[in-house]
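The structure appears right after this line, and notes come after that.
Quick note on labels: first sequence line is chain A, next is B, and so on, each numbered from 1.
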There are 2 protein chains.
Amino acid sequence: MLSSSTSDPAPIFAALGDRTRLALLDKLADGQARSISALSLDTDLTRQAITKHLHVLQDAGLVASLRVGRESRFAARRETLDEARAYLDRVSRQWDDTLGRLKAFVEDAG
Amino acid sequence: MLSSSTSDPAPIFAALGDRTRLALLDKLADGQARSISALSLDTDLTRQAITKHLHVLQDAGLVASLRVGRESRFAARRETLDEARAYLDRVSRQWDDTLGRLKAFVEDAG
DNA sequence: TGGATAGGCAACCTAAAAGTTGCCCATCCA
DNA sequence: TGGATGGGCAACTTTTAGGTTGCCTATCCA
């Protein structure tokens, strides 16, 4: 599978839509690349479950992996996170242009 | 089910992680509240499928609904989108504090 | 008042997600 | 060189997501 395309942010959000994966990204927040074993500590999930989650994050482009000796090290990728941020910012700006949004909502109701 | 809690953004991202739902939010971007039927136009999905997607968005807090006559009108909710944005901004800032992130990644590999 | 429109509810199907177990291979190092 | 560690691969189970069809109720309006 290809990395997430620039024009479809849905897969990025889908990858972010899981507590375990958000926790993994948090562990990688210091910028250090970590092995699967290291990332499997402090969780009650199996190493294989963590591996699957890491692959989901990788397919979405949110992490990158690199084989080092017998280890597979994963590191966070800033680019894809920025894509998600840019998308939300765009939507937010779009909603900003709307005047009296809630007002119209309520008035239509009356 | 309750609306998404402030402390767990995963359900918000999960709700955003679907093209159909992103398209629905886009249709609501002008701030107008729209009926399910109106939101079902220009799509090849059934009204019931759209209804389900709207409920997912509502459970996540991304839209609000209001019954008007025989219609159920949905409108975008800015607050929850801002929550998602704030979360990504926080993560982004956290990653910013990391100096030489990619550098360390590469060096460890060598 | 009766047909058209809007929508709720429930059952059902299929595919994918999340997680497990088991096994095997590679690599490190004492 | 052989045991411990790291991890890949595959099969399997269970739950959930996404979507459908069918049917019934409510509302609007000519």
| Any luck finding a side-chain donor-acceptor pair between Arg70(A) and Ser35(A) under 3.5 Å? | no
| field | Donor/acceptor link under 3.5 angstrom from Arg47(A) side chain onto base of dG6(D) | value | no
| field | Arg85(A)-Ser92(B) side chain donor-acceptor pair, cut-off 3.5 Å | value | yes
| Taking N and O atoms by type only, does the side chain of Gln48(B) place a donor or acceptor under 3.5 Å from a partner on the base of dG18(D)? | no
| task | Specify the separation, in whole Å, of atom CZ of Arg19(A) and atom C1' of dA17(C). | result | 18 Å
| How far does the helix from dT1(C)-dA30(D) to dA30(C)-dT1(D) bend, going by the axes of its first and last five pairs, to the nearest 10°? | 20°
| said: Any side-chain N or O of Arg21(A) below 4.0 angstrom from OP1/OP2 of dA18(C)? | reply: yes
| message | With a 4.0 Å cutoff (strictly under), does any side-chain N or O of Thr46(B) reach OP1 or OP2 of dT20(D)? | response | yes
| remark: His55(A) NE2 to dA17(C) P, in whole Å, measures 14 Å
| query | Mind checking whether Leu24(A) and Leu54(A) have side chains closer than 4.5 Å, heavy atoms only? | reply | yes
| query | Quick one: Ile36(A) CD1 to dT27(C) C1', roughly how many Å, whole number? | reply | 15 Å
| field | N/O (side chain, Ser37(B)) to phosphate O (OP1/OP2, dG7(C)) under 4.0 Å | value | yes
| For Ser72(B) and dA6(C), is the shortest distance between a side-chain N/O and OP1 or OP2 below 4.0 Å? | no
| query | Atom CG of Leu24(A) and atom P of dG19(C): how far apart are they, to the nearest Å? | reply | 10 Å
| Separation of dG8(D) P from Glu71(A) CD (nearest whole Å) | 11 Å
| task | Round to the nearest Å and state the distance from Leu45(A) atom CG to dT21(C) atom P. | result | 11 Å
| Distance, rounded to the nearest Å, where Leu16(A) contributes CG and dA17(C) contributes P | 15 Å
| message | Tell me the interatomic distance from Arg70(B), atom CZ, to dG7(C), atom P, rounded to whole angstroms. | response | 9 Å
| query | Judged by atom type as modelled, is there a donor-acceptor pair below 3.5 Å linking the side chain of Arg77(B) to the main-chain atoms of Ala64(B)? | reply | no
| request: For dA17(D), take OP1 and OP2 only and decide whether either is under 4.0 Å from a side-chain N or O of His53(B). | output: no
| Between Arg93(A) and Asp89(A), does at least one N-O distance fall below 4.0 Å, as a salt bridge requires? | no
